[in-house]
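Reminder, nothing fancy here: chain letters follow the sequence lines and each chain counts from 1. Hydrogens, waters and symmetry mates play no part in the numbers below; they use all other heavy atoms, side chains included.
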Amino acid sequence: MIHTRRTLTADQELEFDVCIIGSGAGGGAAAYSLSRAGRRVAVIERGSYLTPKDFSQREEKMFPQLFYDAGGRRTRDKAIRVLHGHGVGGSTLHNINLCKRTPEEVIAGWELPRFNLEKFNPYLIKIESLLGVTAVREDQLNASNRAFRRGVEKLGYRGGMLSHNRQGCVGSGFCELGCAFDAKMNVLRVLVPQAVAAGAEIYADTRAVAVEHSGRRARGVQCEVLAEDGRVQARLRIRARTVICAGGAIETPLLLQRSGVPDPNHLVGSRLHLHPGVVAAGVFDEPINSWMGIPQSYECTEFLSFKRGGTDEDKRVWIIAGSAHPAGAASLLPSFGDEHRKRMEQYPRFAPLSSMVHDRSSGTVGRKGEYGADINYQLNEEDCAQLARGLRESARILLAAGAREVLFPFTEPLVVRNDAELQAAPIAVRPLEIDVVAVHPMSSVWMGRDAHSSCTDESGRYQQLDNLYISDASLYPTSLGVPPQISTYAIGLYVADQIT
Amino acid sequence: MNRRRFIKGAAAATFTIGAGIRLAAPSAGAACSQLRHLSVNQGRILSASYRAITSDTNGAPLCDVEGAPIGLIDDLVGSLSARDRFELSAGLVLLEQSPLFLCGHWSRFTALNLEQQRDCLNKWRLGPRIGRPLFTAIKELCFLAHYTEPAHWESIGYRGPLVSGSGVATALDAPYLALLAPGELP
Ligand SMILES: Cc1cc2nc3c(=O)[nH]c(=O)nc-3n(C[C@H](O)[C@H](O)[C@H](O)COP(=O)(O)OP(=O)(O)OC[C@H]3O[C@@H](n4cnc5c(N)ncnc54)[C@H](O)[C@@H]3O)c2cc1C
Ligand code: SF4
């Protein structure tokens, strides 16, 4: 059953077989699997239990309800905005539902003898079937993605339709604010009902404060039930034979640090990857209305290759369509006043493209105050160059598709109208000169072979505690180079199977 | 220099400088006395910023609706983490005192005329990288407040939400409400 602040008004001590912290892709999948295997499962979720009636499609209301720090979380130097969500369903509530498998070469590159493609593939297949993943249909391409495809095809670049986990989608375009039409085949719609039917107890509006531990064992989890204004209204103490941290790649390391779990080599929270992206916007003569329809349904992979060695080594940029509702779009534009008004009048004719880098830069997550995140991450020169390449190629694609001009939202905005101008344009990505956005944090509590160089073993078990597991996007030893939801759902199923 | 130390140091310095600056009475808005998360002064600084950011060079607002939606900005600030609120507060102090060291005006930000305020904000926008995030934070708050006001949608061709957002359960909610523990439903 699902419990919320409405009934969680008194302190309680509870006992379960497994306590899972976080109900996103990794936690939701683990809860589904373990409860159906007959375990008594508690899921602790900091965010609220939202249902279709709550997704109002209003930016000012949904950002605080769906995102940590109302979507304003940034790296320490403020150069990169880092978005990740809360709520029963975690970031799968507001993600854009595009589905990519973990690239085979990336898994092979980890060189983990006990975690390989052969072992992991069945979990990818299983989750795709559970979530009803299908290719986006031709008739579901919106104007923005159609223009994108036109440009890619004209240039002869490699591209293709994406897959997604939606059923009953009416193409409203509000995916990043949650789905009022209940069309997302996500944790909330698919996994939570089955986990609850199998006996899982889900505690929403409840923050895991610390994992209790002694010797080599986790003993339980201390939690606080939060009132609407953030005040602590009750405390829960959950004793469990197994504890699974699935708070996502930012919150899981923070929880482990807060809990003071043994970390002799100071690994927890280091090696963070963000898969960050930058946007260039084409301005077309005809209306594009990029906020309408499925936001991302086509991809360009001409500049993304996971092969090692040779010229492909240098291809680490993935290009997809972007979309934003007015406040989000306005914030990405650098200017204000007249210049801004002129640009926003073109809003219906914008077709934004986003370039994300399979990042080699890495950073750290540490505590900032009691519950804040100090994310220290700077893009290295190579990654900046990859992003600059992404911007340039996005512009080439947009111009080929018929854009009248392409806007690069640098602090000093740059506009190009043709290939010659693009050739001459000084496109460089430097911190705080263009808004960089990261929606795929990962690999901050990664798995590996030994306790000296990794946080967990290949089953996701924390190296220093025998019954503490990690089951979220933290586990990857490197950036995946693709959006991580499918991999992370599959990780949840995989980790659940490792728990004896 | 560490950003936080910069903000703290600069805030302390500008408090001191500020003591000597002409205290031009900031244009008050009655709305600023109703705020829950911002102080009256912070409300005035953000109102002035809002006006400068969302109007054109002649002072005409981007859209027909007059006045800063300071109540909404206040709500948005309320949803920030305590640390971010602290940083914003320090930043607003800096902005208020900055005309002297950024633009050579012997005045507070809120006492400048619109053109001078725009000039000052532009200096924050394009100035040293360490100061740019303050401009970005203020701009984001202002645009979030501005573009979520339905009266501002027509001029940018945005049709707005497809649902009423009333929070009233429909058939789509029924299977979800059935999962709730006893006593959860009103
Ligand atoms: C805007 C956006 C769009 C995206 N679009 C896509 C996409 O189209 N395709 C794709 O593959 N990926 C996408 N992603 C990424 C994808 O959603 C995430 O990678 C994935 O959900 C990560 O799963 P997770 O389990 O690691 O964390 P999450 O899904 O983020 O879940 C973590 C949960 O743990 C909870 N939690 C954390 N700490 C605590 C605590 N101490 N106590 C209680 N609860 C806690 C959080 O509140 C949260 O609900 C997108 C992400 C964003 C932000
Ligand atoms: S586009 Fe489809 S999945 Fe996205 S919010 Fe609209 S109906 Fe839901």
Output yes when a side-chain donor or acceptor of A:Q57 lies under 3.5 Å from a complementary backbone atom of B:L162, and no otherwise.
-> yes
Determine whether more than 12 heavy atoms belonging to other residues, nucleotides or ligands lie under 6.0 Å from atom CD of A:E286.
-> yes
Side-chain heavy-atom pair B:R125, A:T411 within 4.5 angstrom cut-off | yes
Do B:E140 and A:R74 sit within salt-bridge range, that is, some charged N less than 4.0 Å from a carboxylate O?
-> yes
Given the options A:F181, A:F55, A:F63, which has more heavy-atom pairs under 4.5 Å with chain B than any of the others?
-> A:F181
Please flag which part of B:P182 lies under 4.5 Å from any non-hydrogen atom of chain A: side chain, backbone, both or neither.
-> both
Knowing that exactly one of B:F135, B:Y50, B:F143, B:W124 qualifies, which makes a ring pair (Phe, Tyr, Trp, His ring centres under 6.0 Å) with A:F336?
-> B:F135
Specify which of B:V168, B:L177, B:T170 makes the most heavy-atom pairs with chain A at under 4.5 Å.
-> B:V168
Minimum heavy-atom separation for A:D69 to B:S81, with atom names?
-> OD1-CB, 3.5 Å
Are B:H146 and A:M344 close enough, and set up right, to give a side-chain contact (heavy atoms from CB on, under 4.5 Å), and what steps lead you there?
-> CA-CA 12 Å; B:H146 186 79; A:M344 280 308 278; over 6 Å; no
Closest non-hydrogen atom pair, B:L72 against A:E60 | CD1-CG, 4.0 Å
Chain A heavy atoms under 4.5 Å from B:R132: which part of the residue, side chain, backbone, both or neither?
-> side chain
Relative to chain A, which segment of B:A52 carries a heavy atom at a distance below 4.5 Å: side chain, backbone, both, or neither?
-> backbone
Is chain B contacted by the side chain of A:Y371, its backbone, both, or neither, given a heavy-atom distance below 4.5 Å?
-> neither
Where does A:R81 contact chain B at under 4.5 Å (heavy atoms): side chain, backbone, both or neither?
-> side chain
So B:Y158 and A:W291, would you call those rings parallel, tilted or perpendicular, with 30° and 60° as cut-offs?
-> perpendicular
For B:T148, does its backbone N or O pair with a side-chain atom of A:R58 as donor and acceptor, under 3.5 Å?
-> yes
Contact check, side chains of A:K78 and B:T136, non-hydrogen atoms, under 4.5 Å | no
Given a strict heavy-atom distance threshold of 4.5 Å, which part of A:Y49 is in contact with chain B: side chain, backbone, both, or neither?
-> side chain
Does the side chain of B:Y176 come within less than 4.5 Å of A:L50's, by heavy atoms?
-> no
So do the side chains of B:E149 and A:P326 get within less than 4.5 Å of each other, counting heavy atoms only?
-> no
Max heavy-atom pairs within cutoff under 4.5 Å with chain B, candidates A:E412, A:K61, A:E433, goes to A:E433
Could you tell me which non-hydrogen atom of A:D77 sits nearest to which non-hydrogen atom of B:P133, and how far apart they are?
-> O-CG, 4.2 Å
Ranked by heavy-atom pairs below 4.5 Å to chain B, first place among A:P52, A:P64, A:A327, A:A330 goes to A:P52
Taking every non-hydrogen atom, the tightest pair across A:P348 and B:G157 = CG-CA, 4.0 Å
For chain B, the option from A:Q346, A:R349, A:E345, A:R189 that forms the most heavy-atom pairs under 4.5 Å | A:R189
Part of B:L76 lying under 4.5 Å from any heavy atom of chain A | side chain
Side chain, backbone, both or neither of A:P287 within contact of chain B (heavy atoms, under 4.5 Å) | neither
When heavy-atom pairs shorter than 4.5 Å are enumerated against chain B, which of A:D54, A:T4, A:L177, A:L333 gives the highest number?
-> A:T4
Please flag which part of B:D75 lies under 4.5 Å from any non-hydrogen atom of chain A: side chain, backbone, both or neither.
-> neither
Which atoms of A:D229 approach chain B - backbone, side chain, both or neither, heavy atom under 4.5 Å | neither
Tell me, side chain or backbone of B:S164 under 4.5 Å from chain A's heavy atoms, or both, or neither?
-> neither
Please report the closest heavy-atom contact between B:G165 and A:S56, naming both atoms and the distance.
-> CA-CB, 3.8 Å
Polar contact flag, side-chain donor to acceptor under 3.5 angstrom, A:T7-B:E184 | yes
Taking every heavy-atom pair that is under 4.5 Å apart, which of B:G78, B:S166, B:G167 has the most such pairs with chain A?
-> B:G167
Close side-chain approach of A:F174 to B:V163, heavy-atom, < 4.5 Å = no
Identify which of A:R430, A:H3, A:E59 forms the greatest number of heavy-atom pairs closer than 4.5 Å to chain B.
-> A:H3
